[in-house]
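Here is the structure we will look at.
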Amino acid sequence: MTLILNRSDVLALLRVEDVIAAVEQAHIDLAHGRAALPAPASAILGDATFVAMTAVSEPAGLAAATAVATRALARPDARVLGLIGAGPLAEAHAHALSAVHPFDAVVLWGRTPARSAELAARLQKDLGCEVRVLAGPREVTLASDVLCTLTPSKDPLVKGDWFLPGLHVNAVGAPPRPDHREIDTAGVARARVVVDSYATTMHESGEAVLAVAEGAVTGEHFRLELGEVLAGLEAGRQTPQQITLFNSVGVGLQDLATARLLIDQAVRRGLGTRVDLAA
Ligand SMILES: NC(=O)c1ccc[n+]([C@@H]2O[C@H](COP(=O)([O-])OP(=O)(O)OC[C@H]3O[C@@H](n4cnc5c(N)ncnc54)[C@H](O)[C@@H]3O)[C@@H](O)[C@H]2O)c1
């Protein structure tokens, strides 16, 4: 039996706090070996890259990963959230991170001023905190306690020279391609890096592949996985002054956790359309 859920079903069924909890559990399951996450196979056809992200998880569990990482790695006294990029992912991040951490202000920059202003107005209304559009990525980085990069930029928008002590960075936007990155090599090298999956990172993340190719760090710099920190197997942030960086490629396990949650809720509430494809 196939269950079909339309957009309004999904919106009615998913609460951000439930997705965050499910994704957190999925990463803990991965750290304990109760889930498996092979490096994705990718196929390149002209300008297009197809990345098949597969995962299996033993306990039902399962994109809230940035919120989970921020809760684990940001300083408890972090008060300013910075967003670089003003698209759908930036808006979703502002909501998800505000659900797990008390921010007093949001600062943001996007390439298109009108789109940035519209996002700032919506966030100010939705989150009820001060939201300001700043002049560029440097200004946002310098003003932030927690910084999220949320653009498909191929070349680094953010330089490590701008990082102030205690900053937590979520590098999220770069598409899963080894020649794309938002954070330069200096930024990666200065930070204690936590990844969603080591195998996927070394396969798909420009932040890792290019920093290693430039000789600034070795693959060991990207060994620490989020699940190991969440499970208490390894330390996350070690000092208040340390710069931490969550390098998010996006893994199928997070989608699986969210899908599991969605199906369970839909069945419980009798929502969706059931189609018997074998009939
Ligand atoms: N890590 C993950 O798990 C994950 C999950 C989903 C999406 N993504 C990636 O996040 C990115 C952002 O998603 P979105 O839906 O908000 O996209 P979007 O196309 O709306 O772009 C977001 C913002 O980036 C800006 N932008 C685009 N190209 C730029 C460039 N070269 N330099 C500077 N700014 C640029 C846009 O103007 C916009 O403000 C995409 O690259 C997507 O692949 C990552």
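Keep in mind that the numbers below use all heavy atoms, side chains included, and drop hydrogens, waters and symmetry copies.
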Could you walk me through whether R71 and I20 pass side-chain contact (heavy atoms from CB on, under 4.5 Å), step by step?
CA-CA 10 Å; R71 187 159 61 187; I20 288 169; 3.6 Å; yes
Residues in ring-ring contact (aromatic ring centres under 6.0 Å, His included) contact with F163, at least two apart in sequence or another chain:
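F163 satisfies ring-ring contact (aromatic ring centres under 6.0 Å, His included) with no other residue.
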Who are the ring-ring contact (aromatic ring centres under 6.0 Å, His included) partners of H101, not counting sequence neighbours?
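If we apply the ring-ring contact (aromatic ring centres under 6.0 Å, His included) test to H101, skipping adjacent residues, the hits are F103.
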For L5 and L262, what are the C-alpha separation, side-chain angles and deciding distance, and is it a side-chain contact (heavy atoms from CB on, under 4.5 Å)?
CA-CA 9 Å; L5 299 170; L262 197 53; 3.6 Å; yes
Roughly how far, to the nearest 0.5 Å, is the CG atom of L89 from the OG1 atom of T66?
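One gets 7.0 Å once the value is rounded to the nearest 0.5 Å.
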Minimum-distance pair of heavy atoms, taken over all atoms of [X] and [Y]:
| X | Y | answer |
| --- | --- | --- |
| A72 | L230 | CB-CD2, 3.9 Å |
| V212 | G219 | CG2-N, 4.0 Å |
| G187 | D184 | N-OD1, 2.9 Å |

Contact list for residues 220-232, test salt bridge (charged side-chain N to carboxylate O under 4.0 Å, His left out), sequence neighbours left out
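Counting only pairs at least two positions apart or across chains, the salt bridge (charged side-chain N to carboxylate O under 4.0 Å, His left out) contacts touching residues 220-232 are E220-R223.
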Taking [Y]'s backbone N and O only, do any of them form a donor-acceptor pair with [X]'s side chain (distance below 3.5 Å, no angle check)?
| X | Y | result |
| --- | --- | --- |
| D196 | V249 | yes |
| E139 | A135 | no |
| H27 | A65 | no |

Test side-chain contact (heavy atoms from CB on, under 4.5 Å) on E91 and E118 and set out the steps.
CA-CA 11 Å; E91 188 156 5; E118 285 164 18; over 6 Å; no
Start with the C-alpha gap between V19 and V16, add the side-chain angles, then the distance that decides, and say whether side-chain contact (heavy atoms from CB on, under 4.5 Å) holds.
CA-CA 5 Å; V19 181; V16 69; 5.6 Å; no
Report all side-chain donor-acceptor pairs from residues 268-279 shorter than 3.5 Å, counting only partners two or more places apart or in another chain.
{"from": "R268", "atom 1": "NH1", "to": "Q265", "atom 2": "OE1", "distance (Å)": "3.4"}
{"from": "R269", "atom 1": "NH1", "to": "A12", "atom 2": "O", "distance (Å)": "3.4"}
{"from": "D276", "atom 1": "OD1", "to": "A278", "atom 2": "N", "distance (Å)": "3.1"}

Just wondering, do L119 and R115 contact through their side chains at under 4.5 Å, heavy atoms?
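No, side chains not in contact.
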Which residue pairs satisfy the side-chain hydrogen bond (donor to acceptor under 3.5 Å, both in side chains) criterion with at least one member in residues 150-165, sequence neighbours excluded?
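side-chain hydrogen bond (donor to acceptor under 3.5 Å, both in side chains) check on residues 150-165 returns T151-E182.
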Any link between V193 and V169 through a network of hydrophobic side chains (Ile, Leu, Val, Met, Phe, Trp, Tyr) touching at under 4.5 Å?
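Per the 4.5 Å side-chain linkage, V193 and V169 are co-clustered.
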By the definition side-chain hydrogen bond (donor to acceptor under 3.5 Å, both in side chains), identify the one residue from R192, R75, R237 that meets it with T244.
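The passing option is R237.
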Hey, can you pull the donor-acceptor pairs under 3.5 Å for the side chains in residues 170-179, sequence neighbours left out?
{"from": "N170", "atom 1": "OD1", "to": "H168", "atom 2": "NE2", "distance (Å)": "2.8"}
{"from": "N170", "atom 1": "ND2", "to": "T70", "atom 2": "OG1", "distance (Å)": "3.0"}

